[in-house]
*Asks:* 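Dropping the structure in here first, questions after.
We count residues from 1, following the sequence as given. Note that the structure is a prediction, hence the values are computed from the model and not measured.
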Amino acid sequence: MAELVMPRLSDTMEEGTILRWLIADGATVRRGQELVEIETDKATMIYESDLDGLLAIVAAEGDTLPVGAVIARVGETEATGAPDAPDAGGTRAEAPAPSAGEPGAAPSAPRAEPAREAVPTPAGATSDIAREGERVKASPLARRLARGSDVDLRALTGTGPGGRIVKADVQAAASAGPATPRAETVGAGKPSSAAIPAPSPAAAPPPAAGLAGVATAKGETTEIELSRTQQTIARRMAESKATIPHFVLQADVDMQECVALRTELKKLAPHLDAPPSAGPPAAAGTGEATPTYNDMVVKACALALREHPRANSSYRDGRLQLHSRVNVGVAVAVDSDEPAGGALIVPTVFDADLKSLGEIARETRALAARVRDGSITPPELGGGTFTVSNLGMFGVTSFTAIINPPQAAILSVGSLGPRAVAGEDGQIIARHEMTVTLACDHRILYGADAARFLARIRELLERPASLTL
């Protein structure tokens, strides 16, 4: 039988987690058919089979395996022998029955499924969410919620992009159904509540003193398993702070002209045809095609990177790698109701220096929408040469982001608003300003290099007409 191994779905992938098999064990799989859903360090991907035959699953759902490890085997679809073939005497010779472990064997009894957690479904419904040749379109978060809420995804109508089932659909279905009671368990080594009645609050003993009191001072501790994406973020950020000599520059940018430019673009937005994939509708009063201030920052950074190639490079083994393409990553926060919280994903705007401001605006909206509904792919998350991180929408004035290795720098964008500044005649006036912070790898950029690069970004934002060319 041919072996199927854990594929390398991104350039940084070292291991993957089997989230869901889309073909049942023992079923026939065809070349190009969607086979298994795998969670990588960057996204959740569907892996297609490159073989034809009978599927024998080796790795169960939930297993985490390194790249190259065997996850399944595929055998021939028919037995290699020729049953009912006539022998030399004109009679039919009985083909010997293959053993249970041989490929193509027809077992006399249904073979047992591997230890996999079945998704509970309503009475009368098929228990497998994914049947052969069929796949339910749902985000990874929606699938996890469905598994824990007794919700059959096939019975739902998705409200996400392209009919995709999202978190809100599962939550609505779960709230409409009967609640599932949870049984109380008794901890190991502890007497059951039936044996010892719970004391009243008035009779509760005082907190223990000494070491015992210190041990229980924080109350009950619950350990939460981080997702693979969160584990990767933690590892890479620790690596960045431990191995990259950071230094930080900060500048205030006069955004008065950008505010005026966006006001004019908003007037034109109703007359522009925004593609359906441009993401969720913008807030009331803003056209969907109107570039945001963050889009202007991305465009300004892209143009400045083209003029300062050292800022668009990487450090590897004592050498600089200058990149010919300017690919700007845009940090997107992903919220989650799960105890472990959300994540920070950085999709990439490729060749941002060659794209118009409108193209960047539509692409960043589409990328952010795909990040939040879980449909983003690893190629869209790789290849970045610089990153922009914006927390200004939360009222953060300024902050210092951590460099995403092996990039040379990252720009942090603070809130934009009116500030009191001195006018040309010395009078105090209100101007729209914004603080940006550039964190740099000192192995690549020295102070003067970084200062000139940041000054060019500020110059482009203070005279934004060049951003529209």
Side-chain angles (χ1 to χ4, degrees), residues 12 42 229 232-253 292-316 320-323 325-334 343-350 352-353 360 364 367-368 371 380-394 396-415 434-447 449-458 460-461:
T12 60
K42 291 184 175 180
T229 300
T232 301
I233 293 172
R235 187 185 74 249
R236 289 177 62 82
M237 294 301 99
E239 172 192 341
S240 176
K241 292 298 289 185
T243 62
I244 296 178
H246 291 63
F247 74 94
V248 175
L249 301 178
Q250 194 171 85
D252 293 330
V253 181
T292 64
Y293 297 117
N294 199 64
D295 297 328
M296 297 180 184
V297 172
V298 170
K299 178 65 174 180
C301 288
L303 294 177
L305 287 166
R306 189 171 64 190
E307 299 173 13
H308 295 79
R310 286 181 68 95
N312 195 53
S313 64
S314 302
Y315 178 89
R316 287 188 185 276
L320 291 186
Q321 296 179 337
L322 302 179
H323 307 300
R325 300 177 67 182
V326 176
N327 304 330
V328 180
V330 181
V332 178
V334 182
L344 182 67
I345 309 298
V346 185
T348 305
V349 180
F350 290 90
D353 58 324
I360 291 175
T364 54
L367 288 170
V371 164
E380 295 173 308
L381 299 175
T385 59
F386 185 82
T387 299
V388 172
S389 181
N390 192 335
L391 292 179
M393 70 287 293
F394 299 107
V396 176
T397 305
S398 65
F399 67 103
T400 302
I402 300 176
I403 299 172
N404 187 16
Q407 296 174 11
I410 184 171
L411 187 75
S412 309
V413 182
S415 59
M434 177 179 73
T435 299
V436 293
T437 305
L438 183 69
C440 307
D441 184 342
H442 210 313
R443 298 171 301 180
I444 304 174
L445 293 172
Y446 301 142
D449 299 326
R452 284 189 285 267
F453 172 60
L454 184 59
R456 182 54 177 157
I457 294 175
R458 179 174 60 185
L460 289 166
L461 289 173

*Asks:* Working to the nearest 0.5 angstrom, can you tell me the gap between Arg452 CZ and Glu307 CD?
*Replies:*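 Separation between the atoms: 13.0 Å.
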*Asks:* Please round to the nearest 0.5 Å and tell me the distance separating atom CZ of Arg443 and atom OG1 of Thr243.
*Replies:*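 Rounded to the nearest 0.5 Å, the CZ-OG1 separation comes out at 6.0 Å.
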*Asks:* Less than 4.5 Å apart, any side-chain heavy atom of Lys241 and any of Ile402?
*Replies:*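 The answer is yes; the side chains approach within 4.5 Å.
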*Asks:* Got Leu411 and Leu454 here, is their nearest side-chain heavy-atom distance under 4.5 Å?
*Replies:* yes
*Asks:* Between the main-chain N or O of Ala401 and the side-chain N or O of Ser412, is there a donor-acceptor pair closer than 3.5 Å?
*Replies:* yes
*Asks:* Report the C-alpha distance between Arg325 and Thr385 in whole Å, list the side-chain angles of each, state the deciding distance to 0.1 Å, and finish with yes or no for side chain to side chain contact (heavy atoms under 4.5 Å, CB included).
*Replies:* CA-CA 8 Å; Arg325 300 177 67 182; Thr385 59; 5.9 Å; no
*Asks:* Find the distance between CD1 (Ile244) and SG (Cys440) and round it off to the nearest 0.5 Å.
*Replies:* 11.0 Å
*Asks:* Between Leu367 and Val349, does the side chain to side chain contact (heavy atoms under 4.5 Å, CB included) criterion hold? Intermediate values first, please.
*Replies:* CA-CA 9 Å; Leu367 288 170; Val349 180; 4.1 Å; yes
*Asks:* Just so I know, are the side chains of Phe386 and Ile410 near enough to count as touching, which here means a heavy-atom distance under 4.5 Å?
*Replies:* no
*Asks:* Show your reasoning for whether side chain to side chain contact (heavy atoms under 4.5 Å, CB included) applies to Thr400 and His246.
*Replies:* CA-CA 10 Å; Thr400 302; His246 291 63; over 6 Å; no
*Asks:* Do the non-hydrogen side-chain atoms of Arg458 and Val436 ever get within less than 4.5 Å of each other?
*Replies:*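 No. Closest side-chain heavy atoms not under 4.5 Å.
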*Asks:* Just to verify, what does Arg306 make a side chain to side chain donor-acceptor pair (under 3.5 Å) with, not counting sequence neighbours?
*Replies:*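 If we apply the side chain to side chain donor-acceptor pair (under 3.5 Å) test to Arg306, skipping adjacent residues, there are no hits.
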*Asks:* Would you mind reporting whether Asn312 and His308 have side-chain heavy atoms less than 4.5 Å apart?
*Replies:* no
*Asks:* Check the orientation of His442 and Phe247. Use parallel for under 30°, tilted for 30 to 60°, and perpendicular for over 60°.
*Replies:*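 Plane angle between 30° and 60°, so tilted.
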*Asks:* Are any non-hydrogen side-chain atoms of Thr364 and Asp295 less than 4.5 angstrom apart?
*Replies:*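 A side-chain contact under 4.5 Å exists here.
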*Asks:* Can you confirm whether the side chains of Thr348 and Asn327 place a donor and an acceptor under 3.5 Å from each other?
*Replies:* no
*Asks:* Taking the side chain as every heavy atom from C-beta outward, state whether Asn294 and Val330 have any pair of such atoms under 4.5 Å apart.
*Replies:*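 Result yes, sub-4.5 Å side-chain heavy-atom pair found.
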